[in-house]
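Only one structure is covered here, and it is reproduced in the block below.
Only heavy atoms go into these numbers, but all of them, side chains included; no hydrogens, no water, no symmetry mates. Here is the naming used below: chain letters follow the sequence lines, and residue numbers restart at 1 for every chain. Remember, it's a predicted structure, so these values are computed and weren't measured experimentally.
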Amino acid sequence: MANVLTPQGEDFPRWYQDVVAKAQLAENGPAKGQQVIRPTGFALWERMVDEMDARIKETGTENASFPLLIPESYFRREADHVEGFAPELWTVTHAGGKELEEKLAVRPTSETIIGEYMAKWVKSYRDLPLLLNQWCNVMRYELRTRLFLRSSEFLWQEGHTVHESYEDAHEFTLRILHDVYADFMENVLALPVLRGIKTEAERFAGALNTFAVEALMRDGKALQMGTSHELGQNFARAFDIQFQGKDGQQAHGWTTSWGTSTRMVGGLIMGHGDDSGLRVPPRLAPVQAYVMVVKDSDEVQGAAKQVFDELKSSGLRVKLDHRADVAFGRRAVDAELKGYPVRIEIGPRDLKNGEATLVSRVKGVKETVPLGMLAEAVAAALEGDQQALFDEALERRERLTADAATVDEAVEAAQTGYARLPWDACGVEGEQKAAAAGVTVRVLQREDGSVPDSLDEPGLIAYLARSY
RNA sequence: CGGGACGUGGCGCAGCUUGGUAGCGCACCCGCUUUGGGAGCGGGGGGUCGCAGGUUCAAAUCCUGUCGUCCCGACCA
């Protein structure tokens with residue numbers, strides 16, 4: 001693991017790929033841009049799914065499943081949408097050995113096919129809101145791919161809802177942004193996120209407004225961690241999602257869509273990783289405490305098993321590694337690479353004193369703890385590490401954020417992090433100019449940091465950065 | 001599509017300039033010794049050098065063609 005995490009982006013991807021490979025998280029699939037997620041990587045995703053799914057259901061949204069293949073004609077119904085996604089589509093042309101009359105697109109996102117069914121299911125205002133989500137894989141042809149951050153095939157969650165009014169839809173879009181996405185990312189992933197609205201150039205194809213949460217990586221580049229779109233009545237018109245209101249009149253519904261993907265695993269690696277590998281925040285960690293033996297003996301193995309049982313029954317996610325045929329250093333380094341928050345080493349020397357060695361991945365310190373107090377000590381270490389990771393990331397973001405007065409200043413400042421620039425001093429022309437220099441407007445916020453209702457509000461602040 | 005590299009055991013590479021029977025590290029297998037921070041020693045298996053043609057007594061190496069991959073840019077959760 002050669003490179004240090006300097007704010008010079010060129011070295012970083014190499015370091016990133018080292019972690020992905022050495023921690024056995026994922027590797028490339030046979031087709032361009034596909035990713036094979038290995039069990040250690042998938043465990044991270046599974047934990048994200050658990051935490052996210054609980055939050056999604058809190059909003060009243062239900063899970064469902066829609067087809068992988070979508071007739072091409074569905075895409076053509078919404079003009080902006082087809083234009084936006086046409087270059088990214090993978091298309092199925094044959095089935096059963098024969099050429100299909102109508103080609104089928106492998107879903108890049110499911111607004112169109114879900115819209116088709118929503119139209120059938122929505123008849124009355126009593127059917128609203130209709131709140132659906134699906135966990136699935138999607139495919140988008142990408143010119144440049146990178147494991148977890150941008151792959152042709154990725155796993156995600158996509159929510160799709162229909163509401164009675166603009167206000168209801170707007171409110172729900174922001175509820176997802178705050179209560180589901182930002183809450184999960186800050187409290188579980190320990191990654192502070194900027195919440196805001198996207199410019200027209202960065203908006204989802206076919207949407208009225210796109211809201212997003214953005215995290216800053218260790219190298220000062222931004223990563224879009226999730227988006228929530230209010231689609232207005234664009235898709236409702238295209239797919240004829242109509243209902244009869246209280247007043248007896250037919251009206252088009254107001255729809256939203258929102259998604260987060262396995263990219264969050266990439267954000268986790270690049271947001272928290274260090275020269276020794278991944279660091280996983282305790283609340284997310286599939287393995288919170290890793291119990292290992294130092295040397296092989298009946299006493300040591302017995303004590304390790306006992307510690308494992310005790311920690312497990314205290315409600316922690318624990319892994320017991322009883323191997324003694326692999327060198328100690330190898331096992332310790334592997335545990336570090338995979339980012340297990342707490343490692344407990346049990347050897348004859350510890351046992352002689354009735355102790356165990358507790359190693360914190362985040363703080364990197366070792367301490368000896370009496371066996372009887374392990375459960376409390378581990379719980380305390382986990383809590384401290386969760387907070388320490390968040391604080392560290394927040395401090396870094398603040399340190400890497402600079403105010404700018406002009407587009408040129410912003411481009412300069414964005415070489416190392418976020419540049420804050422009044423949107424009035426930037427505008428669409430400034431945005432294009434910055435983009436030519438590899439810097440994009442990530443989100444717009446109000447002066448007080450809150451999320452604007454639309455791009456029309458005066459006095460907005462733009463956050464510019466380089467991004468993945 | 002524009003610019004630049006590279007194809008040699010599973011992975012990462014050297015060898016090519018100056019042709020002479022294919023080598024290193026990691027990984028893997030066996031044995032012994034090890035195990036408190038990526039073990040040591042000994043032994044072993046695995047490659048028609050991307051593909052096709054040409055030059056030559058002889059081609060990984062030189063020539064021609066071809067296929068493919070990666071990087072930078074444009075596009076993007």
Side-chain angles (χ1 to χ4, degrees), chain A residues 1-2 9-10 13-14 17-18 21-24 27-28 30-33 35 83-89 107-111 136-146 148-159 181 198 201-205 207 210-215 222-229 257-267 276-277 292-297 300 321-337 343-353 355-357 359 364 366 368 432 435-438 440 442 467-468:
Chain A
M1 196 114 25
E10 285 65 44
R14 182 172 190 91
Q17 283 165 355
D18 267 0
K22 290 187 181 173
Q24 302 189 329
E27 53 197 74
N28 287 312
K32 180 176 172 61
Q35 58 188 350
E83 192 187 332
F85 279 103
E88 297 180 58
L89 289 184
R107 62 183 167 214
T109 179
S110 305
E111 276 76 5
C136 63
N137 55 345
V138 291
M139 289 193 79
R140 298 178 184 182
Y141 186 81
E142 299 286 357
L143 295 172
R144 274 191 66 197
T145 62
R146 192 141 275 162
F148 289 124
L149 295 174
R150 175 168 297 103
S151 45
S152 282
E153 180 180 2
F154 55 95
L155 303 179
W156 77 343
Q157 117 335 268
E158 50 175 327
Y181 291 170
K198 288 284 188 183
E202 301 279 325
R203 185 187 286 161
F204 177 76
T210 288
F211 301 91
V213 280
E214 297 266 335
L223 182 71
Q224 181 171 307
M225 296 280 284
T227 47
S228 186
H229 318 288
S257 70
W258 28 282
T260 54
S261 70
T262 39
R263 167 177 279 187
M264 288 193 292
V265 178
S276 305
M292 65 179 288
V293 300
V294 176
K295 290 185 180 178
D296 198 13
S297 77
V300 168
D321 187 352
H322 57 76
R323 290 174 305 162
D325 56 346
V326 179
F328 171 83
R330 163 69 61 183
R331 286 174 287 151
V333 167
D334 280 350
E336 264 162 17
L337 269 169
R343 183 170 81 245
I344 296 157
E345 303 171 356
I346 295 177
R349 219 153 67 198
D350 301 298
L351 288 184
K352 205 156 71 178
N353 303 322
E355 296 173 335
T357 301
V359 190
K366 287 189 179 189
T368 51
Q432 285 169 354
T440 49
R442 305 315 304 164
S467 72
Y468 280 99

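- If you measure from atom NZ of Lys295(A) to atom P of rA39(B), you get 15 Å, rounded to the nearest angstrom.
- In this structure, the CE atom of Met292(A) is 12 Å from the C1' atom of rG38(B), given to the nearest Å.
- No side-chain donor from either of Arg107(A) and Thr109(A) sits under 3.5 Å from a side-chain acceptor of the other.
- The closest side-chain donor-acceptor pair between Glu142(A) and Ser152(A), if any, does not fall under 3.5 angstrom.
- Between rC67(B) and rA52(B), the two P atoms lie 15 Å apart (nearest whole Å).
- For a distance-only test at 3.5 Å, the side chain of Arg331(A) fails to qualify as a donor-acceptor partner of the base of rG36(B).
- A donor and an acceptor atom, one from each side chain of Ser110(A) and Glu158(A), are located under 3.5 Å apart.
- A straight line from CD of Gln432(A) to P of rA74(B) spans 14 Å, rounded to a whole angstrom.
- Of the residues near RNA chain B, Gly438(A) and Arg349(A), the one whose nearest nucleotide (by heavy atom distance) lies more toward the 5' end is Arg349(A).
- rG36(B) has no stacking from Phe328(A) on its base ring, since the centres under 5.5 angstrom apart and planes within 30 degrees of parallel are not both found.
- Side-chain contact between Phe85(A) and Arg140(A) is present, with heavy atoms from C-beta onward closer than 4.5 Å.
- Nucleotides rC13(B) and rG7(B) place their P atoms 9 Å apart, quoted to the nearest Å.
- Considering all non-hydrogen atoms of both residues, Arg442(A) and Ser467(A) come closest at NH1-OG, 3.2 Å.
- With RNA chain B read from its 5' end, the first of the two nearest nucleotides for Ala435(A) and Gly347(A) is the one closest to Gly347(A).
- Between rA5(B) and rG42(B), the two P atoms lie 42 Å apart (nearest whole Å).
- Across the protein-nucleic acid pair, Glu214(A) atom CD and rA77(B) atom P stand 10 Å apart, rounded to whole Å.
- Rounded to the nearest Å, the gap between the C1' atom of rG25(B) and that of rA14(B) is 10 Å.
- Atom CZ in Arg330(A) sits roughly 11 Å away from atom P in rG40(B) (whole-Å rounding).
- Rounded to whole Å, the distance from CZ on Arg323(A) to P on rU35(B) is 18 Å.
- The CG-P distance, from Leu337(A) to rG37(B), rounds to 17 Å in whole Å.
- Judged by distance alone with a 3.5 Å cut-off, no donor-acceptor contact links the side chain of Lys366(A) to the base of rG36(B).
- Atom CG in Asp334(A) sits about 10 Å away from atom P in rA39(B), given to the nearest Å.
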